[in-house]
Amino acid sequence: MSTPTPPSLQRPANILVIDDEPDLRTLYELTLLREGYRVEAAGSVSEAWEHLEAGQFDAVITDMRLPDGQGMEIIHRIQKDQRTERCVVMTAYGSAENAVEALKAGAFDYLTKPVDLKQFRAVVASAVQAQQAVPAKTTKAAPAAQGERAGDTPAVPGGGTAALERLVGNSEPMRLVKSRIAKVARGMAPVLVRGESGTGKELVARAVHACSQRSDGPFVAVNCGAIPENLLEAEFFGARKGSYTGSSQDRDGYFQAARGGTLFLDEIGDLPLAMQSKLLRAIQERSVRSIGSTQEDAVDVRIVSATHKDLHAEVNAGRFRQDLFYRLNVIEIAVPALRDRREDLPALCAALLARIAHDGGLPVPHLSAELLQRLAQHPLHGNVRELENLLHRAVALNDGDELHLDLMGGGQPAVPGLAASVPSASSAAAPVSSPPSTPSDDGGDPLAVAAPPPTTLVEPKTAPPPLPSDLQAYLDQQEREILVRALHESGFNRTAAAARLGMSLRQIRYRIARLGITTPNGDEGTASNADD
């Protein structure tokens with residue numbers, strides 16, 4: 001049976017299909033033949049190995065359960081022998097743990113039975129493209145789920161190299177991060193990026209996307225903590241016209257917008273439990289149902305999520321679903337805190353100053369050894385974000401050839417109603433005068449101080465302030481000034497600012513977005529901005 005080879009392929013790809021059901025095996029074989037692939041079929045583990053020992057394949061599609069063993073055995077052996085085939089496993093409906101286990105073992109992707117043929121063709125095409133895009137000298141790398149060594153980084157596309165270079169630093173922790181990014185990018189396994197606020201988790205997620213074969217597709221970043229809870233489902237899955245008040249036309253959600261690319265779920269730990277179950281189903285079934293629709297829409301996205309929270313603790317506390325955690329945490333990338341890679345400070349400062357100067361149309365200021373030493377001694381609890389804020393302030397206050405670091409934060413914004421409750425430095429340091437001591441009449445301690453006579457304070461009569469003509473605008477201004485001060489004092493760390501004001505991270509993000517507060521990066525607190 002001859003069919004034209006798809007123009008996107010460099011050569012007709014060789015596919016091995018393994019399934020013990022003859023009808024399904026024939027269906028898969030015919031489907032792939034129509035796509036222009038060369039196909040061989042097997043019905044058992046032993047028969048599959050006869051084919052594999054006889055030749056090389058681009059992709060292997062295998063059922064999980066076979067008469068003489070498990071499809072997992074094939075994956076393990078391919079990885080052990082350092083063969084180049086990309087493996088796609090087919091699991092029964094509801095067997096999420098099998099799919100996760102296969103992805104951790106090194107499988108490229110998975111399909112859920114009964115298999116949707118459109119999705120089947122898309123996954124196989126992605127596996128073949130990934131296989132043929134990797135140079136032969138780099139295809140025998142160890143599986144992504146296994147340990148990496150610093151410097152053991154496989155080749156990546158040109159855009160991936162640029163994305164890795166944006167992760168400034170050549171310390172051992174950063175070399176490990178870059179090596180892991182390049183390896184995990186080759187498959188479709190979900191990735192969880194973990195790290196403190198301000199460490200650059202979104203940059204890591206963007207690098208995973210740029211290093212993958214999906215780099216030509218969209219990268220859609222979603223801040224899970226910045227979306228009002230009543231809008232979450234519509235934002236994620238879309239909505240049909242008339243499905244709710246104000247819905248005047250069909251609109252796609254984040255899943256549809258990320259088709260063929262990567263969906264980055266930032267601050268996944270802030271997602272409410274009700275939405276967690278819907279997200280889990282969408283990830284497992286690879287399909288979503290828009291609000292107001294009766295049909296499910298197949299979506300082809302790779303999930304990368306990030307959090308600064310300890311999700312293990314959140315699961316134990318009942319605030320995060322365990323099944324969703326295991327689905328998202330197939331491969332983990334831990335981003336080091338800045339205190340754990342202080343040798344990267346000179347390179348980081350140089351890169352940040354170059355960008356700050358470029359954005360402001362200024363010459364790049366001189367970075368003195370004294371300034372670097374002071375930064376090295378500073379705690380930098382806010383990580384790279386705090387470092388950038390300090391450098392922004394230094395450039396803004398610069399009046400000479402060298403930068404001077406203002407670690408005290410400079411003057412604070414005036415916040416009506418708060419200044420009076422904070423004593424000034426001069427008043428706090430001033431001694432309190434006491435009346436001269438007199439001996440007590442009852443023979444007590446001669447050094448005891450007699451109580452001063454009561455003083456009556458007469459407040460001058462002043463006219464009350466005029467009532468605001470626009471109460472909401474007046475309250476918004478007060479709220480904005482308080483938020484700006486809290487953000488400024490916390491180094492623009494929204495988590496710390498929220499804690500100081502007794503509110504949740506979700507609440508402060510919503511207020512920052514509503515009031516249009518701008519950070520030192522020049523971005524406003526919108527729903528799509530990452531906080532780390």
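None of these values were measured; they are calculated from a predicted model.
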- So which of I268, D310, T307, L273 actually passes side chain to side chain contact (heavy atoms under 4.5 Å, CB included) with F320? I268
- Query: Would you say Q507 has more than 12 foreign heavy atoms packed within less than 6.0 Å of its CD?
  - Reply: yes
- Message: Looking at every heavy atom in both A107 and V89, which two are closest together, and how far apart are they?
- Response: CB-CG1, 4.5 Å
- Only counting residues at least two apart or in another chain, list the ones meeting side chain to side chain donor-acceptor pair (under 3.5 Å) with S293. none
- Item | Within 45° cone and under 6.0 Å: R286 NZ/CZ vs Y110 ring | yes
- Query: Is D323 salt-bridged to R327, cutoff N-O under 4.0 Å?
  - Reply: no
- Can a salt bridge be assigned to the pair R341 and E172 using a cut-off of 4.0 Å between side-chain N and carboxylate O? no
- Task: Return the set of residues passing salt bridge (Lys or Arg N to Asp or Glu O under 4.0 Å) with R506 (not counting sequence neighbours), or none when no residue passes.
- Result: none
- Task: Please report the C-alpha distance between E267 and K309 in whole Å, then the side-chain angles of each, then the deciding distance to 0.1 Å, and finally whether the salt bridge (charged side-chain N to carboxylate O under 4.0 Å, His left out) criterion is met.
- Result: CA-CA 8 Å; E267 294 301 348; K309 292 185 176 181; over 6 Å; no
- Message: Using side chain to side chain contact (heavy atoms under 4.5 Å, CB included), reason through L352 and L387 one step at a time and then give a plain yes or no.
- Response: CA-CA 9 Å; L352 289 171; L387 174 64; 3.8 Å; yes
- Task: Look up atom CD1 in I74 and atom OG1 in T62, then write down how far apart they are to the nearest 0.5 Å.
- Result: 4.0 Å
- Query: Is any NZ, NE, NH1 or NH2 atom of the basic residue among R25 and E29 found under 4.0 Å from an Asp or Glu carboxylate oxygen of the other?
  - Reply: no
- State which residues pass side chain to side chain donor-acceptor pair (under 3.5 Å) with Q70; sequence neighbours excluded, sorted by chain then number. none
- Query: Do other residues, nucleotides or ligands put more than 12 heavy atoms under 6.0 Å from the CD atom of E53?
  - Reply: yes
- Counting only heavy atoms not in R65, do more than 12 fall under 6.0 Å of its CZ? no
